[in-house]
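As a basis for the values below, the full set of heavy atoms in this structure was taken, side chains included, without hydrogen atoms, waters or symmetry mates. One-based numbering, in listed order, for ligands and for the atoms of each.
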Amino acid sequence: MHLHVSIWSLVLPLSAASHSQRHISHDVAIPTVKIAINASTRFQVIDGFGVSEAFQRSAQVHGKAGLSESNQRKVLDYLFSNEVGAGLTSLRNGIGSSTSYIRDFMKSIEPTDPGGPNATAKYEWDGDDGSQVWLTKEALRYGVKWVYADAWSAPAYMKTNGNDSNGGSICGVQETFCASGDWRQAYANYLVQYIRFYKEKEGIAITHLGFLNEPDLNQTYASMQSSGFQAGDFLKVLAPTLKASGFEDVQIVCCEATGWNDGEDILAELQSIPGAEDSLAVYSAHGYSSNPALPFKTTISKTWQTEWADLDGSWRTSWDYLGKEGEGMAWANKIQQALTLSNVSGFLYWIGAETTTTNSALIRLANDTVSVSSRLWAFAQFSRFVKPGAVRVGVESGIGYVRVSAFENVNGGVVVNIINNGHVDVRTDVVISGWDGTVGNVTSWLTNNANNLTVGVEFRAIGGSREPGFNGLVPARSMVSYIV
Ligand SMILES: *[C@@H]1O[C@H](CO)[C@@H](O)[C@H](O)[C@H]1NC(C)=O
Ligand SMILES: *[C@@H]1O[C@H](CO)[C@@H](O)[C@H](O)[C@H]1NC(C)=O
Ligand SMILES: *[C@@H]1O[C@H](CO)[C@@H](O)[C@H](O)[C@H]1NC(C)=O
Ligand SMILES: *[C@@H]1O[C@H](CO)[C@@H](O)[C@H](O)[C@H]1NC(C)=O
Ligand SMILES: *[C@@H]1O[C@H](CO)[C@@H](O)[C@H](O)[C@H]1NC(C)=O
Ligand SMILES: *[C@@H]1O[C@H](CO)[C@@H](O)[C@H](O)[C@H]1NC(C)=O
Ligand SMILES: *[C@@H]1O[C@H](CO)[C@@H](O)[C@H](O)[C@H]1NC(C)=O
Ligand SMILES: *[C@@H]1O[C@H](CO)[C@@H](O)[C@H](O)[C@H]1NC(C)=O
């Protein structure tokens, strides 16, 4: 009965091995959870996982706050390497709206008013974009697939409040009146020009474009408000402009509400504007003010959770210490629930790496030091293995606190992510149906208080007449991803 457990001791470092054997030597009954995976029950297609380095956080990664070149590489490895890091595949960049780079501002490609919405635009390109050009080139080298450029605001002169901060709306959408006129076309041209600069000057193909961030909020930094009706009014102009620009492959993302409930309301409004919903490739919202707990009622093919973090808790690296918001295990559950309850295809944390005192980032920079949180390993438990194009498949777990998600990758491999929220180890008896692959030895990747993605091997289970499957062991308060 101990047979399929002992393999951990062959492959794990001592601490982990003794962890799992502790229970055996004390003869504690280990529950077995039956997990049925049905690869014929198919849900959303996955785009992937990611972070942002907007507001000049890219510059911090690039050494602005004292990070040496070797530590810059370390940070990039942690975020984007599939061998030693999280293997993230999405990057959310900020399209600037400010007149300068003072503080952490994102500078606009058209900082001064050209003289009205119909005047010839006066664009400028500095080749740096707050170090986002550098970061994006690096990220692409690691294999990042999606470059999502998102504007927090239009430039001041295109808005009702004449400022890129403090809310305000795009002049020309419903319920606005601006003496200077209707700026929708100018804003659409502006966004397309940003994509063009990246393509023509830097050789970078932006894959996704957004024009809002948290449109339900009025903030003292770059912010712009919009109802779903107003977003629809702008999409009427943006979608055809993008199509006519030669960048018709760039996918439009909207609407970046602060929480899932606001996202639901904005979507309902947007749906009343003919053509608006159909012009989107991705419907996006953030997790802050309400969790992703349900799928959006939409015909848009993809949903992304594009920004979330624990902004209130002080910096914390632990996996599972006090059950705090910022801990790794809490984030492993959040990511998994967004995938299983809200059908998201993408899940992005707020910042990848920055100087911070809260849990706003996965990695904390301080002068030339790099501190990695367990949240990064929570991401890695998914993002290393569940790759773009993977399809989420059906799962049943026999024990409620043992939460399971499963995916079939494009190469036919199956990934099973198991979080044991319970307080004793569980054996897992996993059976896969509706799948035409075969199960060899299965690699397992363990994260808990003593392990950050520690690799092990599980035996192939019972052969014979049974369907393919394998046995494993998931220690208490731990996450294991099995790669079949
Ligand atoms: C697997 O899912 C498919 C499609 O939903 C269904 O037809 C089939 O009965 C399921 N198989 C099992 C073993 O539940
Ligand atoms: C989940 O997303 C897929 C597209 O990725 C869609 O076909 C499916 O209808 C969605 N399911 C729900 C419940 O929203
Ligand atoms: C925009 O608002 C900020 C913050 O309230 C303020 O400091 C700045 O002077 C304003 N800019 C303009 C052009 O009014
Ligand atoms: C947004 O906040 C600013 C103060 O920061 C305030 O002056 C302005 O009226 C607010 N706008 C709206 C639409 O509430
Ligand atoms: C801009 O051009 C449009 C279309 O010709 C026109 O309807 C509009 O009045 C012009 N706006 C301004 C501010 O000149
Ligand atoms: C960075 O170094 C400076 C100078 O030594 C020091 O004053 C500061 O506290 C350090 N910052 C952090 C975040 O450690
Ligand atoms: C795992 O990562 C956490 C967070 O960075 C760290 O505190 C811990 O020491 C690491 N554990 C191991 C075994 O590397
Ligand atoms: C599976 O693992 C066992 C134990 O390490 C080993 O004896 C066996 O050869 C492996 N099988 C394959 C197909 O790798």
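Heavy atoms of Thr220 found under 4.0 angstrom from ligand 3: none, in either backbone or side chain.
Side-chain rings of Phe105 and Phe55 stay apart, their centers remaining 6.0 Å or farther from each other. Checked against the 6.0 Å centroid threshold, His286 and Trp260 do not count as a close aromatic pair. Aromatic ring centres of Phe296 and Tyr283: separated by under 6.0 Å.
By the neighbour-count criterion of 12 heavy atoms within 6.0 Å, atom CD of Glu248 is densely surrounded, having more than that number from other residues, nucleotides or ligands.
Every residue meeting the side-chain contact (heavy atoms from CB on, under 4.5 Å) condition with Ser52, not counting sequence neighbours, appears here in chain and number order: Ala54, Arg92, Trp350.
The side-chain tip of Arg384 points at the ring of Trp445 from less than 6.0 angstrom away and within 45° of straight on. In this structure, Arg392 is not positioned above the aromatic face of Phe407 in the sense of NZ or CZ being under 6.0 Å from the six-membered ring centre and within 45° of the axis. Both the sub-6.0 Å distance and the 45° axial angle are not jointly satisfied by Arg42 relative to the ring of Trp435.
The N/O atoms of Ser165, backbone and side chain alike, include none that comes under 3.5 Å of an N/O atom in ligand 3. Among the atoms of Asn343, some N or O lies under 3.5 angstrom from an N or O of ligand 2. By the 3.5 Å distance cut-off applied to N or O atoms, Ser301 is counted among the residues near ligand 2.
Atom numbering of ligand 2 starts at 1 in the shown order; those under 4.0 Å from a heavy atom of Val45 are 5 (O). Annotation for ligand 2: atoms under 4.0 Å from non-hydrogen atoms of Pro295 are 13 (C), 14 (O). Near Asn166, meaning under 4.0 Å from any of its heavy atoms, are these atoms of ligand 3: 2 (O), 4 (C), 5 (O).
Pairing each heavy atom of Ser371 with each of Thr317, the nearest pair is OG-CG2, 3.7 Å.
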What are the polar N/O contacts of ligand 7 with the protein below 3.5 Å, with distances?
from	atom 1	to	atom 2	distance (Å)
ligand 7	2 (O)	Asn452	OD1	3.1
ligand 7	2 (O)	Asn452	ND2	2.4
ligand 7	5 (O)	Val372	O	2.2
ligand 7	11 (N)	Asn452	ND2	3.0
ligand 7	14 (O)	Asn452	ND2	3.2

